[in-house]
Asks: 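This is the structure I have questions about; it appears just below.
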Amino acid sequence: MARPTSATIHTDALRHNLSQVRQRAPNSRVMAVVKADGYGHGLERVARALGGADAFGVAALSDAERLRAAGISQPILLLSGFDEPEDIARLRGLNVDTAVHHHSQLEMLEQAPAGDPIRCWLKLDTGMHRLGFAPEHVADAHARLSALRTVVGEVVLMNHFASSDEYDDSPSNGRQTRLQMRLFEQATAGLAGARSLANSAAVLGWPEAHTEWVRPGGALYGMSVVDGRTGADFGLRPAMTLSTRLISVNRIRKGERIGYAATWECPEDMDVGVAAIGYGDGYPRAAPAGTPVLVAGQETQVIGRVSMDLMTIDLRGVPDARVGAPVTLWGPELPVERIADAAGTISYELTCSITRRVRFVEG
Ligand SMILES: *Cc1c(COP(=O)(O)O)cnc(C)c1O
């Protein structure tokens, strides 16, 4: 029998989430961010389901190649920009836009041979301090780009938020985001071009940041990174169900210990289920005992250490769980945000970490 571990991708949820984004940002064009294999949901599958998006955002040229090979004709933006002069020919060949965030990229563009012009998204660093031009260098970079015949006439101005998941009702009171918006406005005052600021959290909570282009990723997959809130709290639907089955059910005596390092002690005689999933499938090893899991639709908990191929589950409270019973690790009935919380990470990391031996199906 094939290993029963699968990730079901709900393409109708992807479409629903895109329409939710459009409702929230009705005057913006939507760039669907599909980096990291569509946040682990499958690049081509996601791009086809989100065919209504105005553009796609990727982090690797190889992903842009895959999208073009799959017949995707919308604009594609290389979010982190290109690395070396040879990439410029690939951008042209694929008709892919690039972020320009560093002087070295400006110089490569200035020295590039004549050819089809490339659309550039000039990236500002307004306080994230990862990629981008400092505000005082933006006007100069904009002028240099705009003067190039290798660059499409109108440059798009972009920014990335560090803390847009902290809203006005949060302890920080949205300070960082408001500061970034102000710096962006000051640095770009008088410069021609469309603006793009908002990631998912800003689409959901910072309408003043919507501008001409929004760039949601997580929201399209139904996920939230806002503390204490799931995608469903924003009207989004999870696009992935991760599931498997019980392959063993054992009666274990009180006082016996379960799994590697014998970390969990049975407080009474009890049934322990063994599910065919572990960190070798991408389920986080950091998920401690107590992490929620559904068996036959009923919520119970992980016990003991998650191992490579297997995990152990408390079956008290699920008395009729048998070998073969369905196990849901996350999905519409169990928000992935809860598992991420338990494992000390964010939902995005979990869906990105599903490994190749997991069977992907649509449904
Ligand atoms: C990943 C990314 C996004 C999308 O972020 P989400 O939180 O998933 O919406 C937007 N813009 C840039 C530059 C990114 O790298």
Side-chain angles (χ1 to χ4, degrees), residues 13-14 17-18 20-22 24-25 28-41 43 46-47 50 53-61 63-64 75-82 96-102 105 119-133 156-167 176-177 180-181 184 194-207 209-227 229-231 234-236 238-240 336-337 340 345-353:
L14 291 167
N17 296 334
L18 175 59
Q20 290 296 110
V21 164
R22 288 216 184 273
R24 285 181 182 264
S28 304
R29 280 178 282 172
V30 178
M31 171 179 292
V33 178
V34 293
K35 61 197 187 194
D37 206 29
Y39 290 45
H41 295 64
L43 177 63
V46 167
L50 296 177
D54 300 299
F56 291 99
V58 297
L61 259 173
D63 283 353
I76 298 173
L77 171 61
L78 187 57
L79 290 162
S80 315
F82 59 97
V96 166
D97 301 1
T98 184
V100 176
H101 59 77
H102 199 266
Q105 294 170 326
R119 183 176 296 282
C120 292
W121 296 56
L122 179 59
K123 190 156 183 175
L124 279 69
D125 174 17
T126 56
M128 173 83 162
H129 300 317
R130 205 176 52 177
L131 298 180
F133 288 90
V156 185
L157 297 154
M158 72 184 286
N159 158 85
H160 195 52
F161 287 127
S163 322
S164 54
D165 53 322
E166 291 172 9
Y167 298 150
Q176 168 80 3
T177 302
Q180 286 194 257
M181 284 192 282
F184 184 88
R195 269 77 170 150
S196 177
L197 289 89
N199 55 2
S200 294
V203 168
L204 299 174
W206 291 98
H210 288 176
T211 68
E212 282 87 353
W213 281 98
V214 293
R215 305 187 312 272
L220 296 172
Y221 309 95
M223 298 189 286
S224 152
V225 290
V226 179
D227 202 26
R229 294 205 234 173
T230 67
F234 295 97
L236 305 169
M240 179 189 289
V336 63
E337 290 88 348
T345 182
I346 60 167
S347 50
Y348 298 3
E349 187 183 12
L350 297 188
T351 60
C352 279
S353 301

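Counting starts at 1 for both ligands and their atoms, following the listed order. Remember, predicted model here, so these are calculated numbers, not experimental data.
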Asks: Counting only heavy atoms not in D227, do more than 12 sit closer than 6.0 Å to its CG atom?
Replies: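 Check fails, neighbour count at 12 or below.
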Asks: Using a 4.0 Å cutoff against the non-hydrogen atoms of P216, which atoms of ligand 1 qualify?
Replies: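 Counting atoms of ligand 1 from 1, those under 4.0 Å from P216 are 9 (O).
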Asks: Under 4.0 Å from a heavy atom of Y39: give me the atoms of ligand 1 that qualify, with their elements.
Replies: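 Reading through ligand 1 atom by atom, the close ones are 1 (C), 4 (C), 5 (O), 6 (P), 8 (O).
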Asks: Apply the test side chain to side chain contact (heavy atoms under 4.5 Å, CB included) to residues D54 and W213: give CA-CA distance (whole Å), side-chain angles for both, the deciding distance (0.1 Å), then the verdict.
Replies: CA-CA 9 Å; D54 300 299; W213 281 98; 3.8 Å; yes
Asks: Give, for atom CD of Q105 and atom CG of L122, the distance between the pair rounded to the nearest 0.5 Å.
Replies: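 Nearest 0.5 Å value for the CD-CG distance: 10.0 Å.
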Asks: Considering heavy atoms of the protein only, find what lies nearest to atom 7 (O) of ligand 1 and give residue, atom and distance to 0.1 Å.
Replies: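 Scanning the protein heavy atoms, the shortest distance from atom 7 (O) of ligand 1 goes to Y348 OH, 2.9 Å.
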Asks: Considering the heavy atoms of G218, write down every atom of ligand 1 situated less than 4.0 Å from one of them.
Replies: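 Answer, ordered by atom number: 6 (P), 8 (O), 9 (O).
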Asks: Salt bridge (charged side-chain N to carboxylate O under 4.0 Å, His left out) with R229: which residues, sequence neighbours excluded?
Replies: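 Scan of R229 (salt bridge (charged side-chain N to carboxylate O under 4.0 Å, His left out), adjacent residues dropped) gives D169.
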Asks: Provide the number and element of each atom of ligand 1 under 4.0 Å from a heavy atom of G217.
Replies: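 Every atom of ligand 1 under 4.0 Å from some heavy atom of G217: 4 (C), 6 (P), 8 (O), 9 (O).
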Asks: Name the option, out of H160, R130, K35, that contains the heavy atom nearest to atom 15 (O) of ligand 1.
Replies: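 Residue with the shortest heavy-atom distance to the ligand atom: K35.
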Asks: Please work out, at 4.0 Å between heavy atoms, whether the side chain, the backbone, both, or neither of K123 comes within that distance of ligand 1.
Replies: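 Just the side chain.
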Asks: Of the non-hydrogen atoms in L50 and L14, which two are nearest, and what is the gap between them?
Replies: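 Closest approach of L50 to L14: CD2-O, 3.3 Å.
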Asks: Considering A201, S200, A99, A219, which one's heavy-atom position lies nearest to atom 9 (O) of ligand 1?
Replies: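 It is S200 whose heavy atom sits nearest to atom 9 (O) of ligand 1.
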Asks: Give me the nearest non-hydrogen protein atom to atom 11 (N) of ligand 1 as residue plus atom name, then the distance to 0.1 Å.
Replies: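 Protein heavy atom at minimum distance: R215 NE, 2.9 Å.
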Asks: Look at the aromatic rings of Y39 and Y221 and report parallel, tilted or perpendicular, splitting at 30° and 60°.
Replies: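 Judged by the thresholds at 30° and 60°, the geometry between Y39 and Y221 is parallel.
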Asks: Measure the CG-OG distance between L236 and S224 for me, rounded to the nearest 0.5 Å.
Replies: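 With rounding to 0.5 Å, CG (L236) is 8.0 Å from OG (S224).
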